[in-house]
2 protein chains.
Amino acid sequence: MSFMNFSKITDYALRILSHIAKDSEKVYWANDFCCKLDIPFRYLRKLLTILSKVDLLYNPQEKVRGYQLSRNPNSIQFIYIVKATGDDIIEQKCFFGYQQCPLNNPCGMYYKWKKISKGLISTLESTNS
Amino acid sequence: MSFMNFSKITDYALRILSHIAKDSEKVYWANDFCCKLDIPFRYLRKLLTILSKVDLLYNPQEKVRGYQLSRNPNSIQFIYIVKATGDDIIEQKCFFGYQQCPLNNPCGMYYKWKKISKGLISTLESTNS
DNA sequence: AGTAAATAATACCAAGAGGTGTCATTTATG
DNA sequence: CATAAATGACACCTCTTGGTATTATTTACT
Ligand code: SF4
Ligand code: SF4
């Protein structure tokens with residue numbers, strides 16, 4: 001029952017990385033996020049380890065707790081976060097949800113949908129955390 | 001794991017109504033759809049009764065089987081179908097998925113997201129089955 | 001050293017979407 | 001009228017996402 005939505009996990013990842021980017025020198029703990037970002041604490045903790053594994057976050061030093069961005073915030077495009085958390089941004093999806101187009105020629109929605117899709121993707125590519 | 005997707009039921013409804021619109025005089029049976037439109041038969045049957053109840057389809061005459069559009073195909077905008085099958089197209093959704101914006105001022109994504117959202121909605125409004 | 005706190009790992013749980021099976025009813029058709 | 005086919009209604013199932021609980025481990029701090 002949704003349309004222009006990311007999955008929850010993507011929403012949360014975007015919130016976290018965007019929040020960290022505001023002060024990317026600081027070392028953050030799970031506690032720093034949960035209240036401000038409206039993410040259930042246990043789920044947040046799970047998510048943080050996921051983000052570490054896909055190399056968006058890391059523990060800054062050996063034997064030190066907490067998280068930082070794994071690289072310069074300017075180089076983390078939103079689209080990378082979206083893809084890393086599993087949302088499939090497909091360049092051109094069928095408006096009717098067909099896996100395989102049953103038509104021989106593009107239907108009336110083909111170009112309109114493509115245009116929207118392109119705009120969306122380029123926005124996600126041109127913005128960073 | 002999805003982004004620019006409708007729900008399955010919306011996809012199916014779009015396929016059905018779009019298919020009927022090609023020859024809106026004909027009276028259709030469930031059988032006419034399932035093979036061509038790639039919808040599981042039992043689910044299709046359930047969906048057809050739903051579409052009848054929300055007044056997108058109707059049984060053309062009393063005591064006659066089958067389905068037709070309930071009105072002129074030109075007057076059935078895609079956005080109406082999308083809404084009727086439960087997908088919530090909200091005029092302006094938060095990019096980060098917040099229910100309530102935690103910021104005082106619009107964030108960097110506000111206007112970009114709004115623009116995409118508007119384009120999407122106007123496309124769905126300006127196209128019909 | 002000893003305790004508190006942060007994290008990792010793992011299993012489990014809940015709700016909803018998508019899909020199937022069954023049976024009863026109703027109409028078409030011979 | 002009798003039979004086949006289409007439909008409606010309803011229960012049930014499965015899989016994924018989102019979320020919780022538990023336990024163990026590791027580091028910070030006194
Ligand atoms: S042409 Fe139309 S039906 Fe075919 S894949 Fe493109 S959007 Fe889908
Ligand atoms: S300003 Fe940004 S964070 Fe606030 S509701 Fe709009 S998109 Fe969401």
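Letters A, B, ... mirror the listed sequences (proteins, then strands); counts begin at 1. Please read these numbers as outputs of a predicted model, since none were measured by experiment.
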Item checked: Donor-acceptor pair between B:Thr10 and B:Ser7 side chains, under 3.5 angstrom -> yes

Check: B:Trp29 has a side chain; which of D:dA6, C:dT20, D:dT20 sits nearest to it?
Finding: D:dA6

Next item on the list: Starting at CG of A:Leu14, measure out to CZ of A:Phe78 and round the result to the nearest 0.5 Å.
Entry: 6.0 Å

Notebook entry, point to check: Under 4.0 angstrom, heavy atoms only, what part of the nucleic acid is B:Tyr12 near: base, sugar-phosphate, or nothing?
Noted result: sugar-phosphate

Next item on the list: Please determine if B:Arg15 forms a cation-pi arrangement with B:Phe33, meaning its NZ or CZ atom is less than 6.0 Å from the six-membered ring centre and no more than 45° off the ring axis.
Entry: no

Notebook entry, point to check: Atom CD1 of B:Ile50 and atom P of C:dG19: how far apart are they, to the nearest Å?
Noted result: 12 Å

Check: Do A:Arg45 and C:dA6 have a side chain to base donor-acceptor pair shorter than 3.5 Å?
Finding: no

Check: Counting side-chain heavy atoms from CB outward, which of D:dT20, D:dG19, C:dA8 is closest to A:Tyr67?
Finding: C:dA8

Item checked: Proximity to the side chain of A:Arg42 - top-ranked nucleotide from D:dT22, D:dG18, C:dG18 -> D:dT22

Item checked: Worked verdict on A:Tyr110 versus A:Phe95 for ring pair (Phe, Tyr, Trp, His ring centres under 6.0 Å) -> CA-CA 7 Å; A:Tyr110 181 80; A:Phe95 176 76; over 10 Å; no

Check: Given atom CG of B:Leu57 and atom P of D:dG8, what is their separation to the nearest angstrom?
Finding: 10 Å

Note to self: I need the CG-C1' distance between B:Leu44 and D:dG8, as an integer number of Å.
What the structure shows: 14 Å

Item checked: Separation of atom CD1 in A:Ile39 from atom P in D:dT20, rounded to whole Å -> 12 Å

Checklist line | N/O donor-acceptor pair, side chain A:Lys46 with base D:dT20, under 3.5 angstrom | finding: yes

Item checked: Which nucleotide in C:dT7, C:dG18, C:dA9 has an atom nearest any side-chain atom of A:Lys53 -> C:dA9

Margin query: Any side-chain N or O of B:Asn31 below 4.0 angstrom from OP1/OP2 of D:dA6?
Written below: yes

Item checked: For atom CD1 of A:Ile9 and atom P of D:dG19, their distance in whole Å -> 10 Å

Check: When the ring planes of A:Phe6 and B:Trp113 are compared, do they come out parallel, tilted or perpendicular, using 30° and 60° as the limits?
Finding: parallel

Notebook entry, point to check: Between A:Tyr43 (OH) and D:dA21 (C1'), how many Å, whole number?
Noted result: 16 Å

Next item on the list: For the side chain of A:Ser7, starting at C-beta, report the closest nucleotide among C:dG18, D:dG19, D:dG18.
Entry: D:dG18

Item checked: d(CG, A:Leu47; P, C:dA8) in whole Å -> 12 Å

Next item on the list: On DNA chain D, check which nucleotide each of A:Phe6 and B:Leu48 is closest to and give me the residue with the more 5' one.
Entry: B:Leu48

Next item on the list: Could you tell me the separation between the CZ atom of A:Phe33 and the P atom of C:dA6, rounded to a whole number of Å?
Entry: 13 Å

